[in-house]
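The block underneath contains the structure these notes are about, expressed in structure tokens.
Protein chains get the first letters and strands the later ones, always in sequence-line order, with residue 1 at the start of each.
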There are 2 protein chains.
Amino acid sequence: MTNIHHVAKEAGVSVATVSRVLNGQNSVTYKTKLKVEEAINKLNYEPSVLGRNLRNSESRILLILIPQISNPFYTEIIKGIEQTAISLHYNILLCETDSSPQRENIYFELVRNKMADGIISMDPAVNRETLLKLAEKHAIIQCSEYTPDSGIPYVTIDNEEAAYRAVNHLIQIGHRNIAMINSDETYLYAQQRRQGYQKALLKHDIPIRPEYVLHASELGFDNGQQAMKRILKLKDRPTAVFAVSDLLAIGALKEVNNQRLQVPEDMAIVGFDKIDFSNMTYPTLTTISQPMYKMGKIAASMLIDRIKGKQVESVILEHELVIRGSTAG
Amino acid sequence: MTNIHHVAKEAGVSVATVSRVLNGQNSVTYKTKLKVEEAINKLNYEPSVLGRNLRNSESRILLILIPQISNPFYTEIIKGIEQTAISLHYNILLCETDSSPQRENIYFELVRNKMADGIISMDPAVNRETLLKLAEKHAIIQCSEYTPDSGIPYVTIDNEEAAYRAVNHLIQIGHRNIAMINSDETYLYAQQRRQGYQKALLKHDIPIRPEYVLHASELGFDNGQQAMKRILKLKDRPTAVFAVSDLLAIGALKEVNNQRLQVPEDMAIVGFDKIDFSNMTYPTLTTISQPMYKMGKIAASMLIDRIKGKQVESVILEHELVIRGSTAG
DNA sequence: ATGAAAGCGCTAACAC
DNA sequence: GTGTTAGCGCTTTCAT
């Protein structure tokens, strides 16, 4: 490996001067600058990030914590993060927790020992205690899922309102027996969306039936499909379903199709997220649109601000109800 | 920041001893080891990866180069990579090129300046020259797409054979007017799959019609949908389509549905990859199953072997034709 | 404008 | 079994 000393020698200057040229400081004569650049080219020199990082005690790496990389909701956010990160000369370390605390700990370690400068956590199953502890000394932003009053800045949407709108839509088009496919209600977003669901029912004097609320252990197609199987067996069979994720909704839709029932006639379905897939199903999926890309961009710039010691405020972004085939006859 | 010197002082030993304890060397007395551990706990010490990396001149980071993170084909491979990487104490830096040479260069830089120990490239649009140059001095593995006879080890499937089987299946069930939705034929896999397509036709004395082969500029739903629009306007309208990606196939399927035509009666469709979503469409998609997860695991362990200086051999994995609703009446 | 030198935090060769 | 010390490659302070 050729290093800064070789270049200095070749150019007949000191390492300090080479470093100055490398970092674009203008306290260097044009002439010496030229000499240095010549030497750099001649020796094919590439400065080592390892040395620089140690010296600057930074890594310029952002750690992204997600539960499942296969959920397009997250990949779309990641795109946004990457866009911002790259433009500010940061890189992203992708960490899929699989909701395993062990994995999580491995990743937390990375920021503790300065392998990463900060964390964007999107994992609802994150160990809140550890995260809070970590947040005392390190830059952390929560994205989508968050911990209220924890002091950790977040970017998210108004989940309750979004769910309310979704269910309200179902009521408007005439449904009264409305089931919900929720995820684990230890997660805040699940609680909030359930609140929104209930609020919409109450507003229209529709009784709340606990048996109409099902829980999926994960956000996969299968889980949605299984949930729909159970829904179709309920007495007073619901005529509509609100699922808290498009993946769940798509799985549910599949099961309705499988049983030769019609969507939306026999069963209306609303999803959540507006992932690309949601427009490819038959019929297309009515869903709540989340601004994933924007979320990612904002989360990244918040984090980088945090890393630089700035104070940042949490952000709540807009959402939108997108009405498509699965509720519109 | 508390560092190794603080710990040494606190424990009343030298930094070398602390380092030994940190690295689990057993040349340390149980008693001193205890003292050191006590000091570590007391001071809440976390060794800095920055110092260690510089000293060992490694980063323990693997760079993953993909064109699009939103394609589930890649995310599934990434899962496999991550699984292996984590078990061998490596982390992955996710790099989405968007097929932009500029971005690519930024990422290549990372391995040049030792921010990453090696690369797994899955980008078919990769700048081959640069990659080859880089491979002279750095550990690189290609995954899925590769460069024959370049000396860069790869893991992939037999694309020609896979395409052959897909098209052969369509012929077996009675089709003779078979279109192909290919991607850019500057990519090797696209060439190989086209070869397989033609081989199957020739084998059954079906004339090859260039106008039956369409090209999608990217692998998104839209591109598939656009391609199908054009296919449906062809004279001697094809009765079947082979798409080189499930995303394309799903977009194509969508368009057939939109035009109120029946799949597979009016148009049979075969995809490629077997992403999860291919089982959620209506009807479900016949497709070539690629072992994505396994591919990722193998690519990662090949790369790590490479980093450690071992010689590795390229691998060609098995694929499988999965017959489902979009071809089975 | 440039150079000498200290030091970021760690590991390992060498000495005892 | 443990300590001393050089050095990984870089940036920056302090001289000049």
Below 3.5 Å between N/O atoms, which protein atoms pair up with nucleotides 11-14 of chain C? Just atom names and distances, please.
{"unit_1": "C/dT11", "atom_1": "OP1", "unit_2": "B/Asn23", "atom_2": "OD1", "d": "3.4"}
{"unit_1": "C/dT11", "atom_1": "OP1", "unit_2": "B/Asn23", "atom_2": "ND2", "d": "3.2"}
{"unit_1": "C/dT11", "atom_1": "OP1", "unit_2": "B/Arg52", "atom_2": "NE", "d": "2.8"}
{"unit_1": "C/dT11", "atom_1": "OP1", "unit_2": "B/Arg52", "atom_2": "NH2", "d": "3.2"}
{"unit_1": "C/dT11", "atom_1": "OP2", "unit_2": "B/Ser19", "atom_2": "OG", "d": "2.9"}
{"unit_1": "C/dT11", "atom_1": "O2", "unit_2": "B/Arg55", "atom_2": "NH1", "d": "2.2"}
{"unit_1": "C/dA12", "atom_1": "O4'", "unit_2": "B/Arg55", "atom_2": "NH2", "d": "3.3"}

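Checked by atom type, the side-chain pair B/Asp184/B/Thr186 shows a donor-acceptor distance below 3.5 Å. A/Asn53 and A/Ser59 are not linked by any side-chain donor-acceptor pair at a separation below 3.5 angstrom, with hydrogens and angles left out of the test. Residues A/Glu104 and A/Thr130 bring no donor and acceptor atom of their side chains to less than 3.5 Å of each other. Remark: the A/Tyr189 side chain and the A/Ser183 side chain contain an N/O donor-acceptor pair separated by less than 3.5 Å.
Note on B/Thr29: only backbone sugar-phosphate atoms sit closer than 4.0 angstrom, heavy atoms only; bases stay farther off. Residue B/Tyr45 is in sugar-phosphate contact alone, with no base atom involved, counting any heavy-atom pair closer than 4.0 Å across all strands shown. Within 4.0 Å (heavy atoms only), B/Leu54 reaches at least one base atom of the nucleic acid. Nucleic acid contact for A/Val13: sugar-phosphate only, since backbone atoms but no base atoms lie under 4.0 Å from a heavy atom of the residue.
Counting only distance, with no hydrogens or angles, the side chain of B/His138 and the backbone of B/Ala135 share no donor-acceptor pair below 3.5 Å. Side-chain N or O atoms of B/Asn23 include none that pairs as donor or acceptor with a backbone N or O of B/Gln25 at under 3.5 Å.
Across the protein-nucleic acid pair, A/Asn113 atom CG and C/dC8 atom P stand 18 Å apart, rounded to whole Å. Atom NZ of A/Lys9 and atom C1' of C/dA4 are 17 Å apart (whole Å). As a whole-Å value, the separation of B/His6 NE2 from C/dC10 P is 10 Å.
The pair A/Glu38-A/Lys35 does not count as a salt bridge, with every side-chain nitrogen at least 4.0 angstrom from each carboxylate oxygen. Looking at A/Glu145 and A/Arg128, a side-chain N of the basic residue comes within less than 4.0 Å of a carboxylate O on the acidic one, giving a salt bridge. Ion pairing between B/Arg103 and A/Glu82 holds under the 4.0 Å rule for side-chain N and carboxylate O.
Protein chain A contacts DNA chain D over a range whose 5' and 3' limits, counting nucleotides with an atom under 4.0 angstrom from a non-hydrogen atom, are D/dG9 to D/dT13.
Checking the phosphate oxygens (OP1, OP2) of C/dG3, a side-chain nitrogen or oxygen of A/Ser14 falls inside 4.0 Å.
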